[in-house]
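This report refers to the structure that appears directly beneath it.
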Amino acid sequence: MPERAPLRIAFTNIPRRLWAGGYNYQRNLFEVLNRYAPGAVTPVLFAGTADEPEEIAALAGIPAVEVVRSPVFDHAATGLARATGLARAIAFGLDGPAVAEFELRKIDMVFESARFFGWRLPFPAIAWFPDFQHRLLPHLFSRSAYWRRDLGFRVQIASGRHIMVSSASALGDLKRFYPGLSNGVSVVRFATEPPASLLSTNPSDVIASYGLPPGYFYLPNQFWRHKNHRIVVDALDLLKRRGLDVVVAASGNTQDSRDPDLFETTMRQVRSRGLDANFRHLGMIPLDHVYALLRASIALINPSECEGWSTTVEEAKSFGVPMILSDIDVHREQTEGRARYFGIHDAETLAEQMAQLAQAAGPATTRNLLPNLEQRVEAFVADFIRLTQDVMASAAR
């Protein structure tokens with residue numbers, strides 16, 4: 001019996017500067033598919049001609065990944081391009097230029113992430129809904145941004161897409177905000193296993209290069225309003241007033257198109273409270289530095305008001321890094337109660353938890369991947385492969 005050819009799935013590139021979690025999600029997905037299900041899937045990544053060469057090269061270096069550079073996908077992750085593509089897909093039922101590229105590359109299936117290719121798309125498709133932030137936190141969106149995002153979800157639902165969510169919490173939101181949908185829906189909880197190449201950097205060297213003390217907390221979230229950095233600043237202020245100097249190292253993109261002044265106004269608060277030495281923002285840093293700082297930190301802090309399935313939490317779980325997390329449903333689900341939690345407006349509890357961990361911290365240590373990680377990653381890969389097989393089988397009927 002001849003071997004089944006790999007399923008050729010089209011993915012569109014997610015620039016790390018626009019959404020680090022999305023970029024890391026796809027990179028990890030490609031890595032673990034190759035590691036645990038070789039020959040099952042060929043990810044075909046469609047990227048714009050101006051997308052960051054180093055980021056694309058990192059993805060292209062993963063075995064089985066094919067990369068297609070085309071002006072059709074230039075700035076595909078920007079709001080304007082999404083709006084234009086969405087309008088074309090709705091008006092004509094098809095994003096013709098993108099579909100032509102898919103046909104040329106003999107695609108079997110399309111993975112839609114923040115981009116709709118039309119209700120007449122001639123391929124089976126999975127629509128990934130990472131979260132429902134616009135419905136949970138509508139005050140963070142302009143009217144046009146809210147409706148553009150909501151319309152994108154609604155046309156994907158109306159087009160019969162099979163929907164993938166990353167948590168039971170997101171599944172509950174989907175059913176609550178879009179009642180009566182008859183689409184196939186799958187919960188695929190992802191797990192991360194960073195490649196050895198990203199773990200070879202010496203954490204001590206990285207810590208020294210950024211001028212950090214041996215003991216620090218790590219906050220690797222992009223500087224978006226819903227990521228809630230300000231509560232961490234408030235907690236640091238409380239600790240300093242009590243005579244406890246604690247350092248938080250933060251990294252990630254500082255641009256939020258919905259609130260362009262957010263980073264600078266937050267840093268003014270840091271300076272006015274005398275917290276320059278306590279809240280250190282490192283900017284966008286290389287991924288190997290992210291992992292180095294995570295592995296050697298006292299704990300990960302994620303104060304976010306909304307998550308689909310947090311990449312940073314998943315990465316901390318991979319190494320057994322202690323976690324202090326905002327008390328939202330998905331964080332409870334993702335950690336199964338094995339973390340410290342604080343209310344999204346409760347700086348007092350966050351400060352207390354930071355103080356407890358900082359005072360109990362022993363000598364600096366670098367954590368390695370946990371031995372039970374393989375089981376979680378294998379389950380993620382199996383769930384994803386099963387989803388693609390189910391969608392292909394459904395399309396063939």
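Quick caveat, the model's predicted, so the values are computed rather than measured. This chain uses plain numbering: 1 for the first residue, then up along the sequence.
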Evaluate salt bridge (Lys or Arg N to Asp or Glu O under 4.0 Å) for R230 paired with D237, printing each intermediate quantity in order.
CA-CA 11 Å; R230 289 184 181 180; D237 191 30; over 6 Å; no
Please determine whether salt bridge (Lys or Arg N to Asp or Glu O under 4.0 Å) holds for the pair R149 and D131, giving the CA-CA distance in whole Å, both sets of side-chain angles, and the decisive distance to 0.1 Å.
CA-CA 11 Å; R149 183 166 169 140; D131 61 47; 2.6 Å; yes
Kindly indicate, with the supporting measurements, whether the criterion side-chain contact (heavy atoms from CB on, under 4.5 Å) is fulfilled by Q255 and Q222.
CA-CA 8 Å; Q255 301 300 314; Q222 297 197 195; over 6 Å; no
side-chain contact (heavy atoms from CB on, under 4.5 Å) between R115 and D95: does it pass, once the steps are laid out?
CA-CA 10 Å; R115 183 159 177 177; D95 187 336; 3.1 Å; yes
Derivation and outcome, side-chain contact (heavy atoms from CB on, under 4.5 Å), residues I126 and E112:
CA-CA 6 Å; I126 296 168; E112 288 183 336; over 6 Å; no
Take M109 and R8, measure what side-chain contact (heavy atoms from CB on, under 4.5 Å) needs, and give me the verdict at the end.
CA-CA 6 Å; M109 173 183 288; R8 296 177 62 80; over 6 Å; no
Let me see the working for R189 and Q334 under side-chain hydrogen bond (donor to acceptor under 3.5 Å, both in side chains), right down to the final yes or no.
CA-CA 9 Å; R189 298 176 177 85; Q334 194 169 359; over 6 Å; no
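Ring centroid separation for the pair F123 and F117 does not come in under the 6.0 Å cut-off. Taking the six-membered ring where the residue is Trp, the centroids of F153 and H134 are separated by under 6.0 Å. In this structure, the ring of Y25 has its center no less than 6.0 angstrom from the ring center of W19. Between F190 and F384, the gap from one ring centroid to the other reaches at least 6.0 Å.
Under the ring pair (Phe, Tyr, Trp, His ring centres under 6.0 Å) criterion, Y36 pairs with no residue at all, not counting sequence neighbours. For S144, the side-chain hydrogen bond (donor to acceptor under 3.5 Å, both in side chains) partners are S142, not counting sequence neighbours.
Under 4.0 Å is where a charged nitrogen must lie from a carboxylate oxygen, and between D234 and R273 at least one such pair does. A salt bridge links E314 with K317: at least one charged nitrogen is closer than 4.0 Å to a carboxylate oxygen. Ion pairing between a basic and an acidic side chain is recognised when a charged N comes within 4.0 Å of a carboxylate O; E193 and R35 show such pairing. Salt bridge status for E305 with R225: absent, with no side-chain N to carboxylate O gap under 4.0 Å. With respect to R135 and D150, a salt bridge is recorded, a charged nitrogen being found less than 4.0 Å from a carboxylate O. Electrostatic pairing of R332 and D327 counts as a salt bridge here, judged by a charged N lying under 4.0 Å from a carboxylate O.
A heavy-atom distance below 4.5 Å is not found between the side chains of D256 and K227. Between S169 and E307, the closest side-chain pair of non-hydrogen atoms is not below 4.5 Å.
Around CG of D329, the count of heavy atoms belonging to other residues, nucleotides or ligands within 6.0 Å does not exceed 12. For R241, the CZ atom sits in a loose shell: 12 or fewer heavy atoms of surrounding residues, nucleotides or ligands are nearer than 6.0 Å. Counted within 6.0 Å of CD on E264, heavy atoms from surrounding residues, nucleotides or ligands total more than 12; the atom is thus considered enclosed. By the neighbour-count criterion of 12 heavy atoms within 6.0 Å, atom CZ of R143 is sparsely surrounded, having that number or fewer from other residues, nucleotides or ligands.
There is a side-chain donor-acceptor pair under 3.5 Å between T312 and N302. Looking only at atom types and distance, the side chain of T201 has a donor-acceptor partner in the side chain of D288 under 3.5 Å away.
Under the 6.0 Å distance and 45° angle rule, R154 does not count as a cation-pi partner of Y178.
A chain of hydrophobic side-chain contacts below 4.5 Å, direct or via other Ile, Leu, Val, Met, Phe, Trp or Tyr residues, connects L29 to V290.
Looking at R69, its side chain does come within 3.5 Å of a backbone N or O of T49 through a donor-acceptor pair. Between the S159 side chain and the Q156 main chain, no donor and acceptor come within less than 3.5 Å of each other.
Screening residues 341-366 for ring pair (Phe, Tyr, Trp, His ring centres under 6.0 Å) gives no qualifying pairs among residues at least two apart or on separate chains.
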